[in-house]
Amino acid sequence: MKIKKHFIKLLLLSAFFSSGIYANDRTVEFSVPGNQYCDANHVTELSLVISNLSDVETTIKLDLYTINGAPLVHGGTANNGMESELTTGQKLVLNGRATTTYHIPFGKGNVACSSRVYHGKITVSSLNGRVIASGFISGRNKELFRSSAPIIINGGNAF
């Protein structure tokens, strides 16, 4: 009878740890103020920066969602010194103390305005590493700067 009780305890413990209740993932969700002018004459640009504050590598994933909740799966674009290394929906191993970026323009011959994003999430897929992230969204009318708004992620705190 003792063996049966121990076996049941082990079985329950195994189910607990494999169920995802004890997952290593940390996810932070954020809002993107994407309701800006966007058409053949107006460009909306999104830019995000994610930094690993730790000395060890960590795995991250950026997910962005359109106004109707569909995921945007798109590699970022480099433009005028703005770098872009991430592809949304894909994991990336970020070295210790390293930073990665994501930049994407919508409208005026770039990504379709209907694909603009309104919220997102960053997932850290390991217990290693602390990251901090921020960004902005801006708008231009032809070549004239119109507006900019910060994207505040986790209140500006590391996670």
Side-chain angles (χ1 to χ4, degrees), residues 20-159:
I21 294 172
Y22 187 76
N24 290 336
D25 289 356
R26 291 172 281 145
T27 299
V28 170
E29 297 180 279
F30 56 92
S31 176
V32 176
N35 195 25
Q36 298 191 14
Y37 296 108
C38 188
D39 57 30
N41 293 318
H42 298 87
V43 176
T44 296
E45 295 191 65
L46 171 79
S47 182
L48 298 168
V49 175
I50 305 170
S51 298
N52 182 355
L53 300 177
S54 304
D55 293 325
V56 297
E57 67 183 24
T58 192
T59 303
I60 61 167
K61 184 173 77 156
L62 171 66
D63 292 297
L64 297 172
Y65 300 92
T66 65
I67 197 166
N68 63 7
L72 175 72
V73 180
H74 200 287
T77 60
N79 180 24
N80 291 331
M82 297 179 81
E83 300 297 322
S84 194
E85 302 156 340
L86 287 169
T87 297
T88 56
Q90 295 183 5
K91 291 184 177 182
L92 174 79
V93 176
L94 190 57
N95 291 329
R97 301 287 171 195
T99 296
T100 189
T101 56
Y102 185 77
H103 169 260
I104 189 167
F106 299 94
K108 197 177 175 188
N110 297 291
V111 178
C113 292
S114 59
S115 295
R116 282 178 295 169
V117 296
Y118 291 83
H119 64 100
K121 67 182 179 180
I122 297 170
T123 302
V124 180
S125 296
S126 67
L127 293 176
N128 296 330
R130 289 183 51 222
V131 301
I132 193 165
S134 63
F136 68 88
I137 189 163
S138 66
R140 286 185 288 124
N141 179 4
K142 298 189 178 178
E143 299 307 317
L144 301 175
F145 175 78
R146 291 186 54 93
S147 63
S148 180
I151 298 171
I152 300 169
I153 301 172
N154 200 40
N157 297 309
F159 55 98

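Basis for what follows: all heavy atoms, side chains included, without hydrogens, waters or symmetry-related copies. Positions are given from 1 along the sequence. Quantities reported herein were computed from a predicted structural model and do not represent experimental measurements.
The shortest distance between side-chain heavy atoms of Pro105 and Asn79 does not fall below 4.5 Å. Two residues are said to be in side-chain contact when any heavy atoms from C-beta on lie closer than 4.5 Å; Ile60 and Thr100 meet this criterion. Annotation: side chain of Val124 is not in contact with side chain of Thr59 (no heavy-atom distance under 4.5 Å). Side-chain contact check for Asn141 versus Asn41: some heavy-atom pair is nearer than 4.5 Å. Side-chain contact between Asn128 and Glu57 is absent, with no heavy-atom pair separated by less than 4.5 Å. Between Thr58 and Val131 there is a side-chain heavy-atom pair separated by less than 4.5 Å. Looking at heavy atoms from C-beta onward, Ile122 lies in side-chain contact with Phe30 at the 4.5 angstrom threshold. Side-chain contact check for Lys61 versus Lys121: every heavy-atom pair is 4.5 Å or farther apart.
Asn24 contributes atom CG, which lies 4.0 Å from atom CG of Leu127 (distance to the nearest 0.5 angstrom). In this structure, OG on Ser148 lies 6.0 Å from CZ on Phe136, to the nearest 0.5 angstrom. Going from atom NZ of Lys91 over to atom CG of Leu86 covers 14.0 Å, rounded to the nearest 0.5 Å. Summarising the geometry, atom NZ belonging to Lys108 is positioned 12.0 Å from atom SG belonging to Cys113; distances are rounded to the nearest 0.5 Å. Between the OG atom in Ser125 and the CG atom in Leu92 there is a gap of 10.5 Å [rounded to 0.5 Å]. From Asn95, atom CG reaches atom OG of Ser54 across 12.0 Å, with rounding to the nearest 0.5 Å.
Heavy atoms of other residues, nucleotides or ligands lying less than 6.0 angstrom from OH of Tyr37 number 12 at most.
Judged purely by atom type and a 3.5 angstrom limit, Asn52 uses its side chain to pair as donor or acceptor with the backbone of Leu94. Remark: the backbone N or O of Ala70 is paired with a side-chain donor or acceptor of Asn68 at under 3.5 angstrom. Of the possible donor and acceptor atoms, one in the side chain of Thr88 sits under 3.5 Å from a partner among the backbone N and O of Leu72. At distances below 3.5 Å, not a single donor-acceptor pair connects side-chain atoms of Arg97 with backbone N or O atoms of Val56. Remark: the backbone N or O of Thr77 is paired with a side-chain donor or acceptor of His103 at under 3.5 angstrom. Distance alone, capped at 3.5 Å, places no donor-acceptor pair between the Thr99 side chain and the Ser51 backbone. With Ser134 contributing its side chain and Ile152 its backbone, the two residues share no donor-acceptor pair below 3.5 Å. Although no hydrogens or angles enter the test, the distance criterion places a donor-acceptor pair under 3.5 Å between the side chain of Arg26 and the main chain of Phe159. Within the 3.5 Å criterion, the main-chain N or O of Gly34 finds a donor-acceptor partner in the side chain of Arg116.
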Go through the steps to decide whether Leu64 and Tyr102 satisfy the test side chain to side chain contact (heavy atoms under 4.5 Å, CB included), and finish with yes or no. CA-CA 11 Å; Leu64 297 172; Tyr102 185 77; 3.6 Å; yes

Any chance you could lay out the side chain to side chain contact (heavy atoms under 4.5 Å, CB included) test for Ser31 and Tyr118, step after step, and finish with the verdict? CA-CA 6 Å; Ser31 176; Tyr118 291 83; over 6 Å; no

Is there a side chain to side chain contact (heavy atoms under 4.5 Å, CB included) between Leu62 and Leu48 once you walk through the steps? CA-CA 10 Å; Leu62 171 66; Leu48 298 168; 3.9 Å; yes

As a quick check of understanding, evaluate side chain to side chain contact (heavy atoms under 4.5 Å, CB included) for Met82 and Glu45, giving each step before the final call. CA-CA 11 Å; Met82 297 179 81; Glu45 295 191 65; 4.2 Å; yes

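For the residue pair Ser115 and Thr66, the shortest heavy atom distance occurs at O-CG2, 3.6 Å.
Thr101 and Ser84 share no donor-acceptor pair across their side chains, judged by distance under 3.5 Å alone.
Exactly one of Ser147, Ser47, Pro33 qualifies for a side chain to side chain contact (heavy atoms under 4.5 Å, CB included) with Ile137. That residue is Pro33.
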